[in-house]
Amino acid sequence: MSETVRVRFAPSPTGDLHLGNVRTALYNWLFARHMKGAFILRVEDTDKERSTPEHCENLMDIMTWLGLKWDEGPRVGGPHEPYLQSQRTELYEYHLVRLKERGLVYPCYCTEEELDLERKRQMGRGHMPKYGGKCKKLTPDEVKKLDADGKTSVLRFAVPPGEIVMQDEVRGEVTFPDDQLGDFVLTRSDKSPTYNFTVVVDDALMKVTHVIRGEDHLSNTPKQILLYEALGFTPPKWAHLSIIKGPDGQKLSKRHGETSVESYKAKGYLPDAFLNYLALLGWAPKSGEILSLDQMAAEFDLTHVGKSGAIFDPVKLHWMGSQYLVKMSLDDLTRAVLPYLADAQLFTREQARARFDWLKQVVDVVRTSMGCFSDVTKETFFFFSDELHFEPAQSEEMKGQKTLMEAFHKAFNGISEFNGDNFLQAVKEVGKIAGVKGKALYHPLRLALTGREDGPELVRIAPLLGKAEVLKRLMIWTVDDVKTIK
RNA sequence: GGCCCCAUCGUCUAACGGUUAGGACGGAAGGUUCUCAAUCUUUUAAUCGGGGUUCGAUUCCCCGUGGGGCUACCA
């Protein structure tokens, strides 16, 4: 007898997909999969100012990339088409008429200035700003006259008195006191319906059973509940997810840096890794933190979703990314990383074709320190370019290493087969002769070869660099006037 | 200002009203590679404050404090 679960993700295509929305989509998807229900994608493209078809396509592309397939929606269709709000206007009109017939709607001719003034007055008096219902008192004759005068109007919903108690799946009971809600707008002066009206109509018509969305919608819910009742629909179950916050505890926004999936895709995070991290922001699986989408779906449970807001932590995301990267085959990883090297003009595709095995080894050497594909460039820079950059302090340090560098040069030059073992052997010998060991020995050598203070083992790096290149990089520091070295 | 929501290590979080308050990220230390990184091991650190209820509160209730969200003819 239990109805099949139907959930929806209903973004507005006004730009890139925000992290918080991705998590909302993910939780909806997980819940649908777990309950063997339907996941609906509905595009709320009624904001004429900001919605574009391009954004809409991009939205679906990115959802596809993430692997969050929808059972009903644009591109795939479904029993409740269309799934673009902009194509559903007759439906809203139809249900608006139903509301009118019940006398729950009235026109309002108040100007923006009047409303602003009223709002300010109310706030000054310490009240919640709400529409006072001035135009509700208009007589039919007055309305007729105002219309005849060509006055523009909006349609408002006559909010009935009474407190509203709702049951939230993650928050429990939430009560909204009586007399806090003003008569809100259903259609604008251009006759277009507002959000609170369209969601209700759409969700009801699409038979959505659970509305899982961001906490920022919590205060819209009483309005929507009222509309469900006015239209004679059964309200769905509600679940309001906490907001994802930036490092300063405020709602995550552009000024916190990267907030869109697109930017993480561009950085080369694996979708599964990305979703895995996001899933953990507000939900804790029973065993282990690394889970595939299927594993998450198997375990997912709304009652175990946290109520408090979570701060997005790029450091842990990086760690999560690395967990997925090490699972990739070296061949796949190398191929995945190549576009980033090409973009950075470090290694062309032609070069890669000719030296794929070599490239694989390079990637293999740095893979453990990568969280996403684009990390490859900063980790492998010195393999492709000998234009190493040295800080003034580093240059200064290297200038004092002339004798050591000469010794290395001589020793390496004598190696016939330039492999890791022989390289290590030579380094040790130089150390013994020069009476230098440990950090004093390796640090200058590392700096000379890679221009960096950290990185993979030199034993692995040197053979990949090749004898000639190693000698060349040492040579720089053996000349007298090293001031010219950049 | 008003309404609503939230509150456990720095961060993400776990804990039928009974645990030495657990795990993960990060940090620190150590082993290993004669160096950093990686890796392995160990370790660090928390129940916002005050009242109740109870034999017993992280857990339930109230107040305070703090944080967040919403306050549109955006969604």
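Predicted model only: the values in this text are computed from it and were never measured. Chain letters run A, B, ... following the sequence lines, proteins first and then strands; every chain starts at 1.
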* To do: Classify the nucleic acid contact of A:Glu289 as base, sugar-phosphate or nothing, counting any heavy atom under 4.0 Å across all strands shown.
  => base
* Asked: Would one find a side-chain N or O of A:Ser219 under 4.0 angstrom from OP1 or OP2 of B:C5?
  -> no
* Asked: Has the side chain of A:Ser189 got a donor or acceptor atom sitting under 3.5 Å from an opposite partner on the base of B:C73?
  -> yes
* Under 3.5 Å, side chain of A:Arg156 to main-chain N/O of A:Cys108, donor-acceptor pair present? -> no
* Looking across every strand, which nucleic acid part, if any, lies under 4.0 Å from A:Gly455 by heavy atom: base, sugar-phosphate, or nothing? -> base
* Taking a pair as Watson-Crick or G-U wobble with both distances under 3.5 Å, which nucleotide is matched to B:A15? -> none
* To do: For B:C70, take OP1 and OP2 only and decide whether either is under 4.0 Å from a side-chain N or O of A:Lys251.
  => yes
* Take the protein atom NE2 of A:His318 and the nucleotide atom C1' of B:A38, then report the distance between them rounded to whole Å. => 12 Å
* N/O (side chain, A:Arg119) to phosphate O (OP1/OP2, B:U71) under 4.0 Å -> no
* To do: Just call it for A:Asn220: base, sugar-phosphate, or nothing, with non-hydrogen atoms closer than 4.0 Å on any strand.
  => base
* Polar side-chain contact A:Arg446-B:C36 base: donor and acceptor under 3.5 Å -> yes
* For atom CE of A:Met166 and atom C1' of B:C70, their distance in whole Å -> 14 Å
* Please check if the side chain of A:Tyr277 supplies one atom and the backbone of A:Asp313 the other of a donor-acceptor pair under 3.5 Å. => yes
* To do: Starting from the C-alpha separation in whole Å, work towards a yes-or-no answer on side chain to side chain contact (heavy atoms under 4.5 Å, CB included) for A:Phe9 and A:Ile212.
  => CA-CA 8 Å; A:Phe9 175 54; A:Ile212 306 169; over 6 Å; no
* Give A:Gly282 one of three labels, base, sugar-phosphate or nothing, depending on what nucleic acid heavy atoms sit under 4.0 Å from its own. => sugar-phosphate
* **Cation-pi check, A:Lys151 onto A:Tyr109 ring (under 6.0 Å, within 45° of axis)** => no
* For B:A45, the Watson-Crick or wobble counterpart (both distances under 3.5 Å) -> none
